[in-house]
Number of protein chains: 2
Amino acid sequence: MSDVARTAGVSVATVSKVVNGRYGVAQATVERVQQVIHELGYEASLGAQSLRSHRTNVLGILVAEFEPFSTELLKGASREVAGSGYQLLAYSSGDGEGAAIGWERRSLARLSGTLIDGAVIVTPTVIETKDGFHVVAVDPHTGPSGLPTVDSDNFAGAVLATNYLLSLGHRRIGHISGRPDLESARLREAGFRRAMADADVPVDERIVRVGGFRVESAASTAAELLALPDRPTAIFAGNDLSAISTMDVARSMGLTVPDDLSVIGFDNVPESALVNPPLTTIMQPLQRMGAEALRLLIDLIAGVERDTHIRLPTELVVRASCRPYR
Amino acid sequence: MSDVARTAGVSVATVSKVVNGRYGVAQATVERVQQVIHELGYEASLGAQSLRSHRTNVLGILVAEFEPFSTELLKGASREVAGSGYQLLAYSSGDGEGAAIGWERRSLARLSGTLIDGAVIVTPTVIETKDGFHVVAVDPHTGPSGLPTVDSDNFAGAVLATNYLLSLGHRRIGHISGRPDLESARLREAGFRRAMADADVPVDERIVRVGGFRVESAASTAAELLALPDRPTAIFAGNDLSAISTMDVARSMGLTVPDDLSVIGFDNVPESALVNPPLTTIMQPLQRMGAEALRLLIDLIAGVERDTHIRLPTELVVRASCRPYR
DNA sequence: ATCGGTATCGATAACGTTTTCGAATCTTCC
DNA sequence: GGAAGATTCGAAAACGTTATCGATACCGAT
């Protein structure tokens, strides 16, 4: 900056004003300084800026891992950020299923102090928000954390899924639930139980199991479920990934989907339309959720008054992995 | 930091030494300060650190967009970064197919000045490396930019793919190439032509067309190709995404793959195993490429002497989208 | 000519670190 | 007991920016 100042024959203070478009500098000077800035290829130092003004115009999005679910969110968020004057940094806490807990909190704290003005988090653990730092959560968080949140109606979606299976005549319906520390997983299981109860169909506890949201863990639970002497005729998987791996397991056990087993998922990640057979599932508007989360974050930082909890609707999308019983 | 210093009864200089593990502070003091740091939940300000020492221990990975290809790279890179002492920030330049050119260069320049110590770029345009800033490219870049690079053997892979189609008896083979500003796309087309020439099979220029690497653009070229009176019996698509959309187009035109049309892709993104029929393709070790790129970057920063260009082998993976001709 | 008011600009003090280097204290050894 | 050397610590400068506020120049009106 001092280089620019010297070359343009002004002080650094003036350069700063030009860069930030502050009032109080002559039009001629503005143009001259901008010219020099362009020639010298000057870029302000983000670090120094944040040090001084406690703003960086950088937003973060923290995901546990880069899998299809968060990738969709990322897409939505990065589309929304364009033209907002912010930059978006995606950041993977790198912990797989419950690996280094607390680590994500620490690294976020590190970044938040100085690097980013706010963050949207797509992780199970809730984070205490420091002083001037804004965070919005995607997916419901457990407990009474007053965190601004955007999620979809997981409970209603699970009811939708279960009712669909019921309407196809299935009675012996299994459920592979997601990791239990995720509130969304709990809500989906609750929705499942509610729909079953409303239909007066008893749930056999031996065929509802926690499988986690990852491929590997879901596969082993699916294998157990399907090896049962009286295996379920339909399975409501906690998310698409585990639904897909359930279908894989079924195939490898000589079962064909949907003839021998109906499978329904949750999320509607792009993969679910691709698999064979195409997966019937519950759609969450993932990209839109990412976009809404980012917009909410921006509004929060700007201090606009608005609803701080957004719940988007879910929807049944019928493809080919379910079929009437018998 | 001054809070910590005051509470522990030492100077900020000493706290800094403790934080960075510098030599020259008594064991007792170290423990006392660390205790206070823990109690107060102190985290160093990245901005100030970078301002002073020109290091942040943060690495960036810049992708054009979050699609399956870059997501795999991201996975590999973020696995590699664990335990390296660095943090990884992913960053989408947000431009789709050639949207805002130069924008990626600018934002990288902005970050590089102060925020990150180095970056791996997964974008077509080559970036001039500033003074102390290291960047490594994934995928070959055109021109004589001496950028450290990790890529896979695109030419050999394309030969592999074409020879496979040839060995199945196909002679009328079409090619949908990637965006022409990508060196990898050019190499794949070159490999295709070489294999055809070596087999003494003339290539009909009307059935080799540029389709871009995106779904939409590939779809329209595929549609044109298949609408031809004497359409190709096999298509070598420039990447998996365009292969998949080619199969979609074929299906929508009443053609079945592989009976009426063989399709082979390139990349082996996870999706290609999922689609129906499962896609025969050329594998690039995407995750490994991401990991190698990150390792190369770290080594570069650390100043270790090593080979600065890594080329990984490609491999034919046969699934079900190709079948012998006639 | 003088004066109040406006534009325009620059010196300077932070912001939170790291590093250098000298001061102070402690050890060891003759 | 004293000097040399080792150890431990802190004062202060510097990194690149922004905000404040006083200084200067200019204007039109009396």
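Sequence lines set the chain letters: A, B, ... in the order given, protein chains first and strands last, and positions in each chain run from 1.
With sequence neighbours excluded, no residue forms a salt bridge (charged side-chain N to carboxylate O under 4.0 Å, His left out) with A:Asp139. B:Arg55 meets the salt bridge (charged side-chain N to carboxylate O under 4.0 Å, His left out) test with B:Asp117; sequence neighbours excluded. The side-chain contact (heavy atoms from CB on, under 4.5 Å) search around A:Ala293 returns A:Val120, A:Val136, A:Val138, A:Val150, not counting sequence neighbours. Among residues two or more places apart in sequence or in another chain, the side chain to side chain donor-acceptor pair (under 3.5 Å) test is passed with B:Ser70 by B:Glu67. Residues meeting the side chain to side chain donor-acceptor pair (under 3.5 Å) test with B:Asn20, sequence neighbours left out: none.
Rounded to 10°, the angle separating the first-five-pair axis and the last-five-pair axis of the helix from C:dA1-D:dT30 to C:dC30-D:dG1 equals 50°.
Listed by residue number, the members of residues 20-30 of chain A with any heavy atom below 4.0 angstrom from DNA chain D are A:Asn20, A:Arg22. The stretch residues 11-18 of chain B touches DNA chain C through B:Ala13, B:Ser16, each having a heavy atom within less than 4.0 Å of the strand.
Taking every nucleotide of DNA chain D with any atom under 4.0 Å from a non-hydrogen atom of chain B, the first and last of them, 5' to 3', are D:dT7 to D:dG16.
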Table please: side-chain donor-acceptor pairs of residues 4-17 of chain A below 3.5 Å, with sequence neighbours left out.
| residue | atom | partner | partner atom | Å |
| --- | --- | --- | --- | --- |
| A:Arg6 | NH2 | A:Asp3 | OD1 | 3.1 |
| A:Thr7 | OG1 | A:Asp3 | O | 2.8 |
| A:Ser11 | OG | A:Ala13 | N | 3.3 |
| A:Ser11 | OG | A:Thr14 | N | 3.3 |
| A:Ser11 | OG | A:Thr14 | OG1 | 3.3 |

Exercise answer: donor-acceptor pairs, residues 300-312 of chain B side-chain atoms, under 3.5 Å, sequence neighbours excluded:
| residue | atom | partner | partner atom | Å |
| --- | --- | --- | --- | --- |
| B:Arg306 | NH1 | B:Asp299 | OD2 | 2.7 |
| B:Arg311 | NE | B:Asp151 | OD1 | 3.2 |
| B:Arg311 | NH2 | B:Asp151 | OD2 | 3.1 |

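Using a 3.5 Å distance cut-off with no hydrogens or angles, the side chains of A:Gln35 and A:Glu39 do pair a donor with an acceptor.
Looking at heavy-atom distances under 4.0 Å, B:Val19 makes no contact with the nucleic acid at all.
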With the criterion being N/O to N/O and under 3.5 Å, what pairs connect the protein with nucleotides 13-16 of chain C, and how long is each?
| residue | atom | partner | partner atom | Å |
| --- | --- | --- | --- | --- |
| C:dA14 | N3 | A:Arg52 | NH1 | 2.7 |

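Between the B:Arg288 side chain and the B:Gly76 main chain, no donor and acceptor come within less than 3.5 Å of each other.
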